[in-house]
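Worksheet: one structure, shown below.
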Number of protein chains: 2
Amino acid sequence: MADSNKQKSGAKQILNSSSQRVTAQRTLLLELLRQSDEHLDADELYQQARKRNFRISLSTVYRNLQLFKKLGLVEEHHFAEEHHHYEVKPEAEHQHLLCLNCGKIVEFACPLSQKFREDIGKQYDFHITGVDVRMTGLCSTCCKKKI
Amino acid sequence: MADSNKQKSGAKQILNSSSQRVTAQRTLLLELLRQSDEHLDADELYQQARKRNFRISLSTVYRNLQLFKKLGLVEEHHFAEEHHHYEVKPEAEHQHLLCLNCGKIVEFACPLSQKFREDIGKQYDFHITGVDVRMTGLCSTCCKKKI
DNA sequence: GTTAATGCAAATGTTTTGCAGTATA
DNA sequence: TATACTGCAAAACATTTGCATTAAC
């Protein structure tokens, strides 16, 4: 409860400070994104949002995901070939490990990526703003199944 | 000329050995992919192919890109949000550095990614088959422009 | 001659957009 | 009250698929 209020006011504050209107839909979407510990795609978020506001539309979801992305509130990933997944921007940088069989996603810390970043930035004269490391393979369960 | 023949026979050999038919379209597409030093998307490849075979269709391009991917001849990347890019599978592993402003892509070697791979694989009990490191930012030119 | 590959057109699935109505500041 | 946001439907976009024709084996 206290937690939920904190979240709500957090969202409100962020939207206000960037002179975006605080609408019921935006608050709901941000709340759902924060609550979720998975990486949601637009439709999954839409389905969840509908449970609490059956009039919300998919375009609103898309429009707001873009807004959140622009405001730096969520990150967009391209795990699946077909569509995007979103997660609230994490405090600590982390990378992803993806099982190609069951789709499980594991997050892992990658402190070395900071050093990488500096080295590569210097070497190619780039101002680097993001590092994305993705490893793919089979998780232990799928590996044992010998698919 | 000798080079072109080598390429053609290479393609032919690969297609033959996997009991795929060697068609003019496949030979052309593989040749274009190998010649290109950029990362092409399906439509760019289609446009280039049309210059040499005006009857080729976009579905053939898509179908064959999938085939090439399955045969391990090309790699698929998701640089842009909207659609996929392809490059012939490189001899040496390399990673990508992407300018968010002009779209320039720089390839860089990343020998550390092998060590990463082992560490993370052990830690999370994954059988890792691929490592993809992507850094994003601004290239020196775009950085100077102060966009 | 068989069968796989192609070209075309139509279908699919995700994402975007135009516009009239609604809610926020 | 002014205007940004929403919902809806239609459009746009990349990609896939069904089917008759063509070409490789």
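Here is how names work: the chains are called A, B, and so on, in the same order as the sequence lines, proteins then strands, and each is numbered from 1.
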Whole-Å gap separating C1' (D/dT16) and NZ (B/K70) = 13 Å
Does C/dT15 have OP1 or OP2 sitting under 4.0 Å from an N or O in the side chain of A/H84?
-> yes
If only side-chain N and O atoms of B/Q20 are considered, is one of them under 4.0 Å from the OP1 or OP2 phosphate oxygen of C/dA4?
-> no
Nearest-Å distance, CG (B/D43) to C1' (D/dT16)?
-> 15 Å
When the nearest nucleotide of DNA chain D is assigned to A/T23 and to B/T23 on a heavy-atom basis, which residue is associated with the more 5' position?
-> A/T23
What's the NE2-P distance between B/H78 and D/dT15, to the nearest Å?
-> 9 Å
Roughly how far, to the nearest 0.5 Å, is NE2 of A/H85 from CD of A/E38?
-> 9.0 Å
In whole angstrom, give the distance that lies between atom CD of A/Q66 and atom C1' of D/dA4.
-> 17 Å
Classify the side-chain pair A/Q48/A/Q35 by whether it contains a donor and acceptor separated by less than 3.5 Å.
-> no
Between CD1 on residue B/I120 and NE2 on residue A/H96, distance to nearest 0.5 Å | 12.5 Å
A/L29 vs A/V61, side-chain contact (heavy atoms from CB on, under 4.5 Å): CA-CA, chis, key distance, verdict = CA-CA 8 Å; A/L29 291 174; A/V61 173; 4.1 Å; yes
Parallel, tilted or perpendicular: ring planes of A/F108 versus B/Y124, cut at 30 and 60 degrees = tilted
To the nearest angstrom, how far is B/L28 atom CG from C/dT6 atom C1'?
-> 14 Å
Any donor-acceptor N or O pair under 3.5 Å, side chains A/H39, A/E107 = yes
Would you mind telling me which of D/dA24, C/dT6, D/dA4 lies closest to the side-chain atoms of A/R21?
-> D/dA4
Just how far, in rounded Å, is P of D/dC25 from CZ of B/R26?
-> 10 Å
What residues 52-65 of chain A contributes to the DNA chain D interface at heavy-atom separation below 4.0 Å is A/R55, A/I56, A/S57, A/S59, A/T60, A/R63, A/N64
Using atom CG of A/L45 as one end and atom C1' of C/dT15 as the other, report the distance to the nearest whole Å.
-> 14 Å
Going by the angle between their ring planes, with limits at 30° and 60°, are B/H78 and A/H78 parallel, tilted or perpendicular?
-> parallel
A/Q25 side chain N/O closer than 4.0 Å to the phosphate oxygens (OP1, OP2) of D/dG7?
-> yes
Between A/D41 (CG) and C/dG13 (P), how many Å, whole number?
-> 14 Å
